[in-house]
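Because only heavy atoms are used, hydrogens play no part in the values below, and waters and symmetry mates are left out as well, while side chains stay in.
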Amino acid sequence: MKRVTLRLKKSKGEKTYLFLDYYPPILDPRTNTRKRQEYLGMYIYESRRCCSA
């Protein structure tokens, strides 16, 4: 049975990357290699709160 988990990875800046984590690794049909992670090309930006005095 395959298991897919959506994971988050923080970058050095203000972005958080989204990627899929496969267990056990799947076979990529394009490269014919086993693949465990796939980056989605989507980001979450941290919201900056502004305090007004």
Side-chain angles (χ1 to χ4, degrees):
M1 179 196 292
K2 303 278 184 196
R3 187 172 64 185
V4 179
T5 306
L6 178 65
R7 297 201 187 265
L8 305 171
K9 183 175 183 180
K10 291 196 109 182
S11 70
K12 292 181 182 179
E14 58 187 38
K15 292 191 278 187
T16 300
Y17 298 99
L18 294 172
F19 66 95
L20 298 176
D21 188 20
Y22 301 114
Y23 184 81
I26 61 170
L27 187 65
D28 186 3
R30 289 181 289 152
T31 60
N32 205 21
T33 58
R34 294 200 173 265
K35 186 181 216 181
R36 182 167 162 99
Q37 296 177 347
E38 181 175 354
Y39 286 90
L40 300 175
M42 298 175 165
Y43 310 103
I44 298 175
Y45 290 96
E46 293 181 16
S47 62
R48 295 188 178 193
R49 292 187 178 181
C50 180
C51 300
S52 58

Within 6.0 angstrom of K35 NZ, more than 12 heavy atoms from elsewhere: yes
Parallel, tilted or perpendicular: rings of Y43 and Y17 (30°, 60°): perpendicular
Where D21 and R7 come nearest, the two heavy atoms and their spacing: OD2-NE, 2.9 Å
Members besides I44 in its Ile/Leu/Val/Met/Phe/Trp/Tyr cluster (side-chain heavy atoms under 4.5 Å): V4, L6, L8, L18, L20, Y22, I26, L40, M42
